[in-house]
Structure formats: structure tokens, C-alpha cells
Amino acid sequence: DTGVSQDPRHKITKRGQNVTFRCDPISEHNRLYWYRQTLGQGPEFLTYFQNEAQLEKSRLLSDRFSAERPKGSFSTLEIQRTEQGDSAMYLCASGGQDPHQPQHFGDGTRLSIL
Amino acid sequence: AQRVTQPEKLLSVFKGAPVELKCNYSYSGSPELFWYVQYSRQRLQLLLRHISRESIKGFTADLNKGETSFHLKKPFAQEEDSAMYYCALSGRKTDKLIFGTGTRLQVFP
């Protein structure tokens, strides 16, 4: 198992375009998280899935953002009508059945808005 | 409000010197506290957590509920400890992580 996998590693797009990122968690993990990290800041929580159910969303997740985990395995994060302020590193993490077990992070997808 | 504060953006020490990375938190309840580390060109990874009460790579951290602190300490820093360190907490009801802004540790030879 290579751990949490995120694709793409880098995404450059023009303002106003839509982008979609993918996260493949560790295979037996049922918990999946998305975080966003901007320069000089720690990661900020965006949303959380347990299996296919989206159980929590941050206020940071505007209506331009949508996340899915249709079969309880991989997840996608889509940003519509991207804005300059969306430029950030988007991190995915997964965790096992026991919520007290630590989260394992992927390498992230770096989004740059031109 | 739930918050993690890491007052130092950068901490520079020489090899062999003691290190203390400060972390203070604000949380109504009993959180779990963590230290995550990110080495150059690597992903964020767990260094240690307070409930384990273990030493990893010579680092320890003690939860002080009175001072709401979870400072990370190492008696003798090594060059390979140079990295970005993030303190984080999670609550009992939800295990989403709330991170501090991070402290960059530079250990000079």
C-alpha cells in the first residue's frame, strides 16, 4: 500500500475554470478528510466523509466547492468558477475504523489560479 | 473558540542544543493533541500524540491542561530534525484536526 494518493500533484488553471481533484485513501480506511493549506498557514479542515456519507462541512466550503465519495472509496473535490483566493494546497487524509487512530495524509494537490 | 497557537514561525538552534517548540490551545472540553511533522519534500506525518505518552525520535510532549499547552521538546537537536512542525487538536465528537500555523525548526551543524 502506497498510502494516500492524490491526483494531480499540480494544477494550473485560469480564473473562472472548473477543477476537480481526486483522492485515493488507504484501502481499508473508511474515514476521509479534505483540508486546504495556504502559504504560511497550517492545514484547514474542509470536509469529512465516513464511508460514502459526508458528515461534516466547514464554512470555508462555499457553494462553489463540492466533494463526493460515491462508493466509499476514492473521493473527488470540485471547485467551480475558480477564484484567485482558491490558490492553495489541497490535502486529503484518511483514517481507519477507530476514530482515535491518526489520520494519514497524501502529498496534496497544489492549485494555482492565473 | 477552538484554536491552536504556535507563537514561533522559526526556531533556529545548533546541533546538540535543546529544543522546545511551543503550542497552546483553546478548546471547550478534552481534546486530543498531536504533533505532525513535514520534512522537506515529504508529506505531513504524525510525530506523536498525547494519549500515547511515548517518545518518537527523541521528542516528547506533555499535555498541561492547566496551561492549555502541549509543547514539543527534545534535549539534543540533530540536523535531521530540521522540518516544519505543526501542533494540532481534535475533539471527542469529531476527529477533524485543527492545526496551528506551524514552526519551522532549523538545526545548524
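First the proteins, then the strands, lettered A, B, ... as listed; each starts at 1. Keep in mind that this is a model prediction, so the values were computed, not measured.
Clustering ILVMFWY residues whenever any of their side-chain heavy atoms sit less than 4.5 angstrom apart, transitively, puts A/Phe21 in a cluster other than the one holding A/Tyr33. Under a hydrophobic clustering in which Ile, Leu, Val, Met, Phe, Trp and Tyr are joined whenever their side-chain heavy atoms come within less than 4.5 Å, directly or via other members, A/Leu111 and A/Phe65 fall into the same cluster. The hydrophobic cluster containing B/Phe99 does not contain A/Leu46, counting ILVMFWY residues as joined when their side-chain heavy atoms lie under 4.5 angstrom apart, directly or transitively.
Summarising the local packing, CZ of B/Arg3 is surrounded by 12 or fewer heavy atoms from other residues, nucleotides or ligands at distances under 6.0 Å. Other residues, nucleotides and ligands contribute over 12 non-hydrogen atoms within 6.0 Å of the NZ atom of B/Lys22. Within a 6.0 Å sphere centred on CG of B/Leu10, heavy atoms belonging to other residues, nucleotides or ligands number more than 12. Within 6.0 Å of CZ in B/Phe14 there are 12 or fewer heavy atoms belonging to other residues, nucleotides or ligands. Counting heavy-atom neighbours within 6.0 Å of A/Ile12 CD1, excluding the residue itself, gives a total of 12 or less. Heavy atoms of other residues, nucleotides or ligands lying less than 6.0 angstrom from CD of A/Glu68 number 12 at most.
Residues of residues 85-98 of chain A lying within less than 4.5 angstrom of chain B, judged on heavy atoms, are absent.
At least one donor-acceptor pair closer than 3.5 Å links the side chain of A/Tyr35 to the backbone N or O of B/Leu97.
The part of A/Gln37 that comes within reach of chain B is its side chain, from C-beta onward, which places non-hydrogen atoms under 4.5 angstrom from that chain. Only the side chain of B/Leu46 comes within less than 4.5 Å of a heavy atom in chain A; its backbone stays farther off.
Closest of all the heavy-atom pairs between B/Lys96 and A/Glu56 is NZ-OE2, 2.8 Å. The heavy-atom pair separating B/Arg43 from A/Phe105 by the smallest distance is CD-O, 3.1 Å.
The side-chain heavy atoms of A/Pro43 and B/Tyr86, taken from C-beta on, include a pair separated by under 4.5 Å.
Chosen from A/Glu44, A/Arg31, A/His104, the residue pairing most often with chain B at heavy-atom distances under 4.5 Å is A/Arg31.
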